[in-house]
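Some notes on the structure that comes next.
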Amino acid sequence: MIRNLIGSEWRLPAQDARSLPVYNPATAEVIEHVPLSDAREVDAAVRAAAETFGAWSRTAVMDRVRLMFRFKALLEDHFEELAALVTRHHGKTLDEARGEVRRGIEVVDFACGAPTLLQGRTLRDVSGGVDQDLYRYPVGVCAGIPPFNFPVMIPLWMFPLAVVAGNTFILKPSDRTPLGGARLAELFLEAGFPPGVLNVIHGAAGTVDALLEHPGISAISFVGSAPVAQHVYTEAAAHGKRVQALGGAKNHIVVMPDADPAVAVPAILNSAFGNAGERCLSGSVAVAVGSAADVLLDPLRDAATKLVVGPGDQEGVQVGPLIRAEHRDRVAAYVATGVAEGAELVVDGRREMSRRGFFLGPTILDRVTSQMSVGREEIFGPVLSIARAATLDDAIAQANASALGNMATIFTQSGRAGREFRERVEAGMAGINVPIAQPFAFFPFSGWKGSFFGDLHVHGMDGVEFYTRKKVVVTRW
Ligand code: NAD
């Protein structure tokens with residue numbers, strides 16, 4: 001059983017605590033159990049974090065950052081081990097896991113800039129003999145609730161920036177991929193951070209609700225599905241907390257007739273099938289404008305059929321398993337519904353379902369419309385829908401018809417089309433000739449519309465704003 005970290009103590013919840021199995025999705029074997037902590041455990045974690053907050057928030061920024069540099073060095077030392085851990089309990093390929101760990105470490109790099117990031121502002125002689133100074137203060141005890149699909153990267157979006165700003169933190173890792181957060185916490189303690197600065201509490205919905213309701217928590221960072229993001233936003237706000245809640249996605253890839261197929265085809269495959277489609281930045285619907293479909297369809301079909309499906313730790317594998325059998329079956333049900341709704345099945349990955357483990361291969365549906373559930377709802381699996389549009393206007397309208405607005409990207413050789421798309425597409429992250437428009441750590445990450453509930457996005461200066469509150473001091477001597 002994985003243990004919670006409360007202060008300096010790795011401990012199991014009370015004896016009556018229920019637990020869930022943690023799987024290796026490539027083999028369907030149970031490799032661990034994760035406890036479902038209740039309100040008492042949450043309260044113990046909040047007390048540990050609150051007791052540490054006073055001293056930690058007054059620790060000099062340079063001392064906080066020195067520890068963060070040590071944590072960063074440990075993450076580099078354990079880079080391969082962390083990637084293997086991600087593959088083992090999430091299923092993605094080792095290369096994808098390495099990419100995840102690297103993007104997570106980049107947020108730690110960013111957090112190491114705290115002496116610059118946390119600076120305030122000043123204006124002398126705002127009126128005769130009066131000065132005004134703006135200082136940033138930590139907000140208190142913060143909590144982070146990541147999803148299953150990036151067990152190392154998404155926790156690193158949250159706590160490094162929070163703690164360099166002087167907050168203390170409670171991480172509630174995903175109940176399906178809890179090992180990443182647990183290992184990060186071990187390395188964090190090894191770096192020398194005082195006990196109580198980072199606490200880890202395992203569990204699922206009940207544990208999250210206890211965090212949302214606890215009066216000792218000031219801020220909640222959430223990343224997960226849209227319905228849960230909305231619930232977290234509403235409940236946390238009702239309990240007086242600041243919240244950033246990033247939700248689900250239904251991302252469109254617009255392909256103009258002038259796009260270079262040698263660029264667009266591999267990019268679409270990467271976007272739709274990388275991470276087995278379990279990515280909030282995955283391209284889900286490719287909208288082919290005009291004659292683009294004629295050029296794309298055959299190469300996409302041929303290349304998707306050749307992608308190697310298998311356990312993520314095997315050399316040469318390009319598409320790993322899905323997270324759970326139930327999720328794989330849900331994705332397979334979407335494929336059947338798409339066909340029933342009139343889509344044409346071009347590549348059927350359901351043949352991979354007979355393997356041991358939770359596999360479903362790359363699947364392509366053609367002639368999908370935004371009226372079909374496959375064209376409208378988040379599938380979160382390796383299913384690419386192809387839709388047709390007569391013009392760029394039509395393609396942008398199709399993307400904007402989605403209730404979600406996480407990412408959208410366009411492939412074109414026309415600067416005018418690219419600019420038009422950038423200006424009019426309703427998504428928080430937009431790409432031009434890139435498969436995945438992921439902002440680097442020093443820019444904010446988040447979607448728009450139903451993909452995001454809150455004001456301040458994660459990392460970048462938005463992250464600094466989220467984890468600090470401002471005090472303005474007016475002085476006359
Ligand atoms: P999820 O919403 O099921 O779970 C997210 C977290 O909330 C987990 O820690 C889980 O334990 C907890 N949780 C689950 N159900 C809950 C409930 N009813 N009440 C309170 N807490 C609950 O999401 P997931 O399946 O782990 O992750 C996949 C989803 O996350 C997809 O929809 C994906 O698009 C989204 N996602 C979004 C982003 C983004 O940046 N917008 C990034 C990654 C993933």
Side-chain angles (χ1 to χ4, degrees), residues 19-20 22 25 34-37 42 89-92 100 103-104 107 143-158 170-178 180-182 200-213 220-236 243-251 275-284 322-324 326-328 330-331 377-381 402-408 427-429 436-439 443-454 457-460 462-463:
S19 66
L20 289 174
V22 178
V34 61
L36 299 178
S37 308
V42 167
H89 76 318
H90 174 278
K92 66 182 72 179
E100 155 169 4
R103 298 311 295 263
V107 187
I145 305 160
F148 80 81
N149 62 331
F150 286 95
V152 165
M153 180 183 77
I154 295 185
L156 291 176
W157 283 359
M158 299 172 173
I170 301 170
L171 178 69
K172 202 290 302 161
S174 162
D175 47 287
R176 287 182 283 179
T177 52
V200 182
I201 188 110
H202 292 283
T207 318
V208 170
D209 286 338
L211 288 166
L212 303 180
E213 287 161 17
I220 299 275
S221 299
F222 172 89
V223 181
S225 59
V228 182
Q230 185 162 19
H231 164 72
V232 165
Y233 179 71
T234 310
E235 277 302 304
V243 204
Q244 46 181 193
L246 283 68
K250 186 73 182 173
N251 303 318
N275 232 60
E278 290 175 330
R279 229 175 0 192
C280 70
L281 295 179
S282 284
S284 179
L322 295 183
I323 189 68
R324 290 287 179 272
E326 307 82 66
H327 182 56
R328 174 203 58 198
R330 196 172 153 269
V331 175
E377 296 168 17
E378 180 174 44
I379 300 176
F380 221 56
S402 175
L404 304 173
N406 212 44
M407 185 203 82
M429 294 170 279
I436 299 284
Q438 177 170 2
F443 281 94
F445 185 118
S446 173
W448 283 7
K449 303 200 291 188
S451 293
F452 179 62
F453 300 87
H457 297 182
V458 298
H459 62 58
D462 272 31

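Computed over heavy atoms, backbone and side chain alike; hydrogens, waters and symmetry mates excluded. Counting convention: from 1, in listed order, for ligands and their atoms alike. Since the structure is predicted, the reported quantities are computational estimates derived from the model, not experimental observations.
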**Item:** Identity and distance of the protein heavy atom lying nearest atom 40 (O) of ligand 1
**Value:** F445 CE2, 3.1 Å

**Prompt:** For atom 6 (C) of ligand 1, which of S174, P146, G224 has the closest heavy atom?
**Reply:** P146

**Request:** Give the residue and atom name of whichever protein heavy atom lies nearest to atom 10 (C) of ligand 1, and the separation in Å to one decimal.
**Result:** D175 OD1, 3.5 Å

**Item:** Contact with ligand 1 for R176, non-hydrogen, under 4.0 angstrom
**Value:** yes

**Fill in**
For I154, the ligand 1 atoms with a heavy-atom partner under 4.0 Å come out as 42 (C), 43 (C)

**Asked** Angle class for the F445/W157 ring planes (parallel below 30°, perpendicular above 60°, tilted otherwise)?
**Response** tilted

**Item:** atom 27 (O) of ligand 1 - nearest protein heavy atom and its distance
**Value:** P147 CB, 3.2 Å

**Request:** Check whether any protein heavy atom sits under 4.0 Å from atom 21 (N) of ligand 1.
**Result:** yes

**Complete:** The atoms of ligand 1 lying under 4.0 Å from a heavy atom of E378, numbered in the order shown, are 31 (C), 32 (O), 33 (C), 34 (O)

**Request:** Report yes or no: does a heavy atom of L212 sit under 4.0 Å from some atom of ligand 1?
**Result:** no

**Interfacing atoms of ligand 1 (cut-off 4.0 Å, heavy-atom, N149)** = 43 (C), 44 (C)

**Prompt:** What protein heavy atom is closest to atom 41 (N) of ligand 1, reported as residue, atom name and distance in Å?
**Reply:** G247 O, 2.8 Å

**Complete:** Note: ligand 1 atoms sitting under 4.0 Å from heavy atoms of G248 are 32 (O), 34 (O)

**Request:** Pick whichever of W157, F380, F222 has a heavy atom sitting closest to atom 5 (C) of ligand 1.
**Result:** F222

